[in-house]
Amino acid sequence: MSTTRSALIIGGGIAGPVAATALHKAGIHAHVYEAYSGPSEGIGSGLALAPNGVAALDVIGAGDAVREIALPVAQMRLRVGGREHVMPVLPDQPPLQAVDRGELHRTLHDHAVAAGVPFSYDKRLTHVDEHPHGVTAHFADGSTATADVLVGADGIRSTVRSLIDPSAPGPDYTGLLGFGGLVDCDLDLPDDTMVFAFGAKAYYLYWKLADGRAAWGANLASKHYLSLTEARAVPAEHWLGVLRETYAPDSPGREFARRTTAENLEIVGALHIMPPVPHWYRDRLVLVGDAVHAPSNSSGQGASLAIESAVQLARCLRDIPAPTEAFAMYEHLRRARVEGIAARAAKINHSKTPGPFARKMMNAVMPLMVRTVMNPEKTMGTERRYRIDWDAPVRAESATAAQ
C-alpha cells in the first residue's frame, strides 16, 4: 500500500491541475500552488490536443469539458507556396481538438476545484526542506506548506528542476518566435481542417473557428532570443509590421497579418524544446509536464504528453509504497516515449524555413512523401493510440528494476 497521502503541486497551468485531480482520484490529497495571482490566462495562444491526450483527460473525467470548448480537427493539409497537399490521417482515431490555451487552463482548473482540489495563488516557490517523512515548501511571501511529496509542474523554467539537480539543463531555443491571432476573414476551408503552410519567408498554420473567424499562428525565425516577457515588452505595432512584411508574399498569410490588430495579436515569444533531463526526481521531489519534457510545438503532443505524465505519476504514487520507487517507475513508463516524440519534433523544426529551391522540391516530392515517409501509421500510430489503463495496478517490483 502506498505511504503517500499528500502532495504539493507547484504550478497551475496544464500538468498541475491534471496531476492534482488524478492524485485526488487515487486517494491522495493534493494542493496546487501557483506563482501567478489567479488561474493562468493569456499565456500562449492555441494548441491542439491529440487523441491520446484527450483520452488521458477522460481518465480524470475532464475529457468532455475540454471537448465542449474545442474545435475537432479531422483533416490536415500542407500548403507549400500556392499548392496544397492533403495529409493522410489515422482513420480509426478521433480528431485532434484545437483549443485556446487560456480556456484550457480555466477548464482544467474548474474541473480540479469541482473534484475538491484547493488552489493557492501568489505562491512563488523559493526553496524546500526535506525531512524523513515529508517535504516543506517555502514561498516568497514567507508562507510554507508541508506534504509527503512535492510535484514540480512549474513549466519550462522550473524552479523544482533546479532544486532536484542544480546542474540540470534548461530549455533550448528553437530559433523561432511564436505569435497568434483571431481574425475576421472569409476562409474557403472546411470547419474540421487545419492547414500547415510554408510561406515564402516563414511558416504559419491556420484553421477556421465555429463562428467563422480564422485562427492563425506564426513561427518567425529569429537569431535573437526573446522570452515571453521580453517579447511582450516590444510594442505590438512593431510585431505587426514584421508579420505583415514577412507574410506579404503569401496567401492567405498576408490577409491574416493585415487583419490582425494590436488588440488581438497574441505574442508568445521564444519557442523552446527541453533536452533530455538526467534526473526526473530526487527523494520526495519529482517533475511533470514541461518542467521535464517539453517537445517543440512541431510535435503536436506537448500538452498531451504533460497530461499523460500527470495521470501516470498519480497511478505510480497510488500503487507503490515508497515515493522514490514510485518516481522511478513513473520515469520508466514515460522517458522513452517523451524523448522519442521530442526527437521527431526537433527534425520538423529544421524544415520550417525552407528556401525557394527547397519549396519547389517539397512540392515536387510531396505526392511521394504522402504515400511513404508521411505514412500516418509510421509517424503517428504509436503516439496517438497510447492509452492509460487507470485500473491496472502498477507493480512495485517493476519499479525496483527500473531504478
Side-chain angles (χ1 to χ4, degrees), residues 14-15 18-19 21-22 25 47-67 70-78 86-99 104 108 192-194 196 205 207 273-274 288-290 292-316 318-319 329-348 369-395 398 402:
I14 293 176
V18 173
T21 307
K25 181 180 176 71
L47 61 83
L49 290 173
N52 46 286
V54 180
L57 288 176
D58 284 330
V59 171
I60 62 169
D64 286 342
V66 170
R67 290 183 186 94
L71 180 72
V73 177
Q75 300 294 327
M76 292 176 287
R77 299 179 186 176
L78 192 66
V86 177
M87 300 172 66
V89 298
L90 293 168
D92 65 331
Q93 288 299 293
L96 299 177
Q97 299 290 331
V99 62
L104 178 62
L108 296 178
D192 65 347
T193 300
M194 183 176 289
F196 304 89
L205 75 162
W207 63 96
I273 186 170
M274 275 301 300
V288 70
D290 283 358
V292 69
H293 53 71
S296 80
N297 63 330
S298 302
S299 71
Q301 284 281 359
S304 294
L305 292 179
I307 292 165
E308 287 178 0
S309 290
V311 175
Q312 289 287 38
L313 174 62
R315 285 184 67 231
C316 292
R318 176 195 67 189
D319 293 346
M329 188 65 222
Y330 155 68
E331 179 180 349
H332 175 70
L333 290 175
R334 301 299 297 160
R335 183 183 280 275
R337 174 169 169 78
V338 301
E339 291 184 356
I341 291 174
R344 174 182 67 79
K347 294 178 182 179
I348 297 174
M369 292 178 64
V370 166
R371 296 194 302 270
T372 56
V373 298
M374 293 179 67
N375 184 320
E377 194 59 54
K378 294 180 179 179
T379 59
M380 299 181 294
T382 301
E383 291 182 12
R384 295 190 180 181
R385 289 198 180 94
Y386 183 92
R387 297 294 185 270
I388 297 171
D389 185 352
W390 176 262
D391 295 326
V394 181
R395 297 183 179 278
S398 299

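We use all heavy atoms of the structure for the numbers below, so side chains are in, but hydrogens, waters and symmetry mates are not.
For the pair Met380 and Pro88, the tightest heavy-atom approach, listed with the atom from each and the gap, is CE-O, 4.0 Å. A pairwise comparison of heavy atoms in Ala70 and Val99 identifies CB-CB, 4.2 Å as the closest pair. Residues Ala19 and Ala310 approach most closely at N-CB, 3.6 Å, considering heavy atoms. Nearest heavy atom pair, residue Ala15 against residue Gly289, reads CB-CA, 4.0 Å. Looking at every heavy atom in both residues, Thr193 comes nearest to Trp207 through O-CB, 3.5 Å. Nearest heavy atom pair, residue Pro393 against residue Arg318, reads CA-NH2, 4.4 Å.
Every residue two or more places apart in sequence or in another chain that forms a side-chain hydrogen bond (donor to acceptor under 3.5 Å, both in side chains) with Asn52 is listed here: Gln301, Glu308. Listed by chain and number, the residues in a side-chain hydrogen bond (donor to acceptor under 3.5 Å, both in side chains) with Arg315 are Gln312 (sequence neighbours excluded). Not counting sequence neighbours, the partners of Arg77 by the salt bridge (Lys or Arg N to Asp or Glu O under 4.0 Å) test are Glu84. With sequence neighbours left out, Asp391 forms a salt bridge (Lys or Arg N to Asp or Glu O under 4.0 Å) with no residue at all. Contacts of Ser309 classified as side-chain hydrogen bond (donor to acceptor under 3.5 Å, both in side chains), with partners at least two apart in sequence or in another chain: His293, Arg334. Residues forming a side chain to side chain contact (heavy atoms under 4.5 Å, CB included) with Ala74 (at least two apart in sequence, or on another chain): Pro95, Asp192. For Ala336, there are no side chain to side chain contact (heavy atoms under 4.5 Å, CB included) partners, not counting sequence neighbours. Qualifying side-chain hydrogen bond (donor to acceptor under 3.5 Å, both in side chains) partners for Gln75, counting only residues two or more places apart in sequence or in other chains: none.
With a 4.5 Å cut-off on side-chain heavy atoms, Leu49 and Leu104 count as touching. Annotation: side chain of Pro72 is not in contact with side chain of Leu96 (no heavy-atom distance under 4.5 Å). Looking at Ile14 and Leu47, their side chains come closer than 4.5 Å, going by heavy atoms from C-beta outward. For the pair Tyr330/Val394, no side-chain contact is recorded, criterion being any heavy-atom separation below 4.5 Å from C-beta on.
Put simply, CD on Glu383 and CD1 on Ile341 are 4.0 Å apart, with the number rounded to the nearest 0.5 Å. In this structure, Arg385 CZ and Leu90 CG are separated by 5.0 Å, a value rounded to the nearest 0.5 Å.
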Show me the donor-acceptor pairs, under 3.5 Å and distance only, between side chains in residues 53-61 and residues at least two apart or in other chains.
residue: Asp58; atom: OD1; partner: Arg67; partner atom: NH1; Å: 3.1
residue: Asp58; atom: OD1; partner: Arg67; partner atom: NH2; Å: 3.4
residue: Asp58; atom: OD2; partner: Arg67; partner atom: NH2; Å: 2.8

